[in-house]
Enquirer: 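Below is one structure. I have some questions about it.
Each ligand, and each atom within it, is numbered from 1 in the order the structure gives. These values consider heavy atoms only, across backbone and side chains, with no hydrogens, waters or symmetry-generated copies.
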Amino acid sequence: MQLSQRLRDLPPYHFAEYNRKIAALRAAGTDVINLSIGDPDLPTPPQVIDRLCETAREPNNQRYPEYAGMPEFRTAIALWLQRRFGVEVDPDREVLPLIGSKEGLAHLPLAVMDPGDVALMPDPAYPVYPTAVALAGGTCYALPMDAAHGWLPDLAAVPAEVAARARTLWLNYPNNPTGASATRAFFAEAVEFARAHDLLLIHDMAYAEVTYDGAKPPSVLETPHAKEVAVEFHSLSKAYNMAGFRVGMLVGNAAIVEGLTRLKSNVDTGIFRPIQYAAVAALGLPASWIDARNALYQRRRDRLVATCRRLGLETALPEAGLYVWPRVPEGMTAGDFALQLLDRAAVAVTPGTNFGAGGEGYVRIALTVPDAQLDEALARLDAIVARRG
Ligand SMILES: Cc1ncc(COP(=O)(O)O)c(C=O)c1O
């Protein structure tokens with residue numbers, strides 16, 4: 001049976017492939033520690049689970065949910081945005097609950113891009129964005145990013161003829177994979193650029209609530225006029241240790257929210273209501289819950305960064321996100337180094353090139369394994385240093 005050309009052109013989703021490799025090594029008896037994926041190991045808060053269970057018992061919640069999400073959930077999202085960023089959105093017109101932000105990110109190009117349209121795409125980037133653009137028939141124009149420029153793309157360098165054909169500009173801060181954060185000044189520039197070139201600015205803020213040293217990364221919607229040209233994706237996966245729940249949201253420009261709602265109403269039938277009630281409970285958690293959870297990740301971050309530096313790897317201290325992004329040793333590729341760590345330490349990390357050519361020279365290491373496993377991974381990495389010494 002022949003698959004579609006569209007699917008044949010699709011690269012395999014890296015993490016699915018990589019997990020198969022790790023599974024094969026484990027089956028052969030190797031105790032692999034997987035630091036290649038940002039899947040929170042910490043439990044979902046008990047209040048959230050209680051709300052899920054209570055509401056699952058209610059027969060009315062076992063029926064089809066609303067396409068555009070429960071009004072209670074949309075209102076809770078609007079209140080959260082207002083509390084967290086001082087951003088006002090209309091819960092009826094400017095908010096759309098999603099089955100995880102990945103689902104919305106993957107569907108959005110089908111609602112806003114036509115075949116042949118150009119997407120301005122940071123390099124490196126979360127691989128779902130370019131794939132989603134390709135599935136919609138669009139093409140990507142890479143915006144190179146590097147450490148010297150704080151992993152912010154240089155919008156002024158986009159050629160005028162490319163900007164004229166571009167329909168979307170994709171941004172993601174706090175950034176996966178680099179751990180960089182954006183400034184309000186950069187967002188002001190990006191909003192201005194989107195207005196000047198009549199394109200949609202798509203900002204992915206999946207890591208909004210995973211921050212260190214008290215950092216409070218801004219929402220793009222804080223920027224004056226942003227709602228004219230921008231939408232922002234949020235996720236409960238990393239924010240509240242709810243990756244398995246599959247719940248996130250799109251907020252911002254009403255026409256785009258309406259467009260994605262219309263598209264999705266033809267594809268899915270909303271989110272199980274108990275998950276939405278659980279998400280409302282999560283969004284109502286006090287800031288102290290987030291702070292305590294982040295303090296735990298911060299301790300892991302500090303120890304991992306120290307180990308990377310002992311390995312001789314140039315490593316920035318990220319102020320947000322679930323990853324450390326060290327430079328690989330001089331003369332090695334990201335892929336070689338990731339394989340070396342897998343072979344010599346049975347520690348799986350992600351080569352930066354999995355996020356685009358701009359990730360060459362780096363690997364991404366996740367902080368999402370229990371402390372004891374992280375201790376073991378760090379001991380194995382330190383053993384490499386000792387062997388070298
Ligand atoms: C940058 C970024 N955006 C979005 C997502 C998707 O998150 P979810 O679909 O769990 O909301 C991820 C997950 O790793 C991510 O790294």
Enquirer: Using a plain distance cutoff, I'd like to know if R246 has any nitrogen or oxygen under 3.5 Å from a nitrogen or oxygen of ligand 1.
Expert: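 Yes; at least one N/O pair falls below 3.5 Å.
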Enquirer: So, do W151 and Y362 have ring centers that fall under 6.0 Å from each other?
Expert: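 Yes; Y362 has its ring centre under 6.0 Å from that of W151.
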Enquirer: Which of these, Y323, Y129, Y126, Y173, has its nearest heavy atom closest to atom 12 (C) of ligand 1?
Expert: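 The option holding the nearest heavy atom is Y126.
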Enquirer: For the atom pair OG1 (T168) and OH (Y141), what is the distance rounded to the nearest 0.5 Å?
Expert: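 Between T168 OG1 and Y141 OH, I get 14.5 Å after rounding to 0.5 Å.
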Enquirer: Counting only heavy atoms not in R26, do more than 12 sit closer than 6.0 Å to its CZ atom?
Expert: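 Atom CZ in R26 is packed in, count exceeds 12.
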Enquirer: Measure the distance from atom 7 (O) of ligand 1 to every protein heavy atom, then report the residue, atom name and distance (to 0.1 Å) of the closest one.
Expert: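 Protein heavy atom with the smallest distance to atom 7 (O) of ligand 1: S101 OG, 3.3 Å.
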Enquirer: A quick test of your reading: do over 12 heavy atoms of other residues, nucleotides or ligands sit less than 6.0 Å from CD of E330?
Expert: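 Check fails, neighbour count at 12 or below.
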Enquirer: May I ask you to list the atoms of ligand 1 that are less than 4.0 angstrom from any heavy atom of A206?
Expert: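 Once the distances to A206 are compared, the set is 2 (C), 3 (N), 4 (C).
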Enquirer: Select one of side chain, backbone, both or neither to describe which atoms of F233 lie under 4.0 Å from any atom of ligand 1, heavy atoms only.
Expert: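 None of F233 does.
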Enquirer: Under 3.5 Å, is there a donor-acceptor pair between the D204 and Y129 side chains?
Expert: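 Side-chain D/A pair, D204 to Y129: present.
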Enquirer: Any nitrogen or oxygen of K238, side chain or backbone, less than 3.5 Å from one on ligand 1?
Expert: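 The answer is yes, given that K238 and ligand 1 share an N or O pair closer than 3.5 Å.
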Enquirer: Under 4.0 Å from ligand 1, counting heavy atoms only, is it the side chain of S237, its backbone, both or neither?
Expert: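 For S237, only side-chain atoms sit under 4.0 Å from ligand 1.
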Enquirer: Would you check if the side chain of N172 reaches a backbone N or O of A125 as a donor-acceptor pair within less than 3.5 Å?
Expert: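 No; judged by distance alone, with no hydrogens or angles, the pair does not exist.
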Enquirer: Assess, by modelled atom type and distance only, whether the side chains of R364 and N354 contain a donor and an acceptor separated by less than 3.5 Å.
Expert: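 Result is no, nothing qualifies.
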Enquirer: Quick one about Y207 and Y173 (side-chain donor to acceptor, distance below 3.5 Å, no hydrogens or angles considered), yes or no?
Expert: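 Looking only at side-chain atoms, Y207 and Y173 do not form any donor-acceptor pair under 3.5 Å.
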Enquirer: Under a heavy-atom criterion of less than 4.0 Å, does G248 contact ligand 1?
Expert: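 Contact absent.
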Enquirer: Determine whether the aromatic ring centres of residues W170 and H203 are separated by less than 6.0 angstrom.
Expert: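 Ring centroids of H203 and W170 are no less than 6.0 Å from each other.
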Enquirer: Could you check whether D336 and Q340, counting side-chain N and O atoms only, form a donor-acceptor pair closer than 3.5 Å?
Expert: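 Result is no, nothing qualifies.
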Enquirer: Touching ligand 1 at all, L105? Heavy atoms, strictly under 4.0 Å?
Expert: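 It does, in that a heavy atom of L105 comes within the 4.0 Å cut-off of ligand 1.
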Enquirer: What residue and atom, counting heavy atoms only, is the protein's closest point to atom 2 (C) of ligand 1, and at what distance?
Expert: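 For this ligand atom, the closest protein heavy atom is D204 OD2, 3.3 Å.
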Enquirer: Pull out every atom of ligand 1 sitting under 4.0 Å from any heavy atom of G100, numbered as shown with elements.
Expert: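 This gives 9 (O), 11 (O) as the contact atoms.
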Enquirer: Using a 4.0 Å cutoff against the non-hydrogen atoms of N172, which atoms of ligand 1 qualify?
Expert: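 The list of qualifying atoms is 1 (C).
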Enquirer: Among all protein non-hydrogen atoms, which one is nearest to atom 11 (O) of ligand 1, and what is the separation to 0.1 Å?
Expert: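 Atom 11 (O) of ligand 1 sits closest to the protein heavy atom S235 OG, 2.6 Å.
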Enquirer: Can you list the atoms of ligand 1 that are under 4.0 Å from a heavy atom of Y207?
Expert: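 With Y207 as reference, the close atoms of ligand 1 come out as 1 (C), 2 (C), 14 (O), 15 (C), 16 (O).
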Enquirer: Hey, which atoms in ligand 1 end up nearer than 4.0 Å to a heavy atom of K102?
Expert: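 Selected atoms, number and element: 6 (C), 8 (P), 9 (O).
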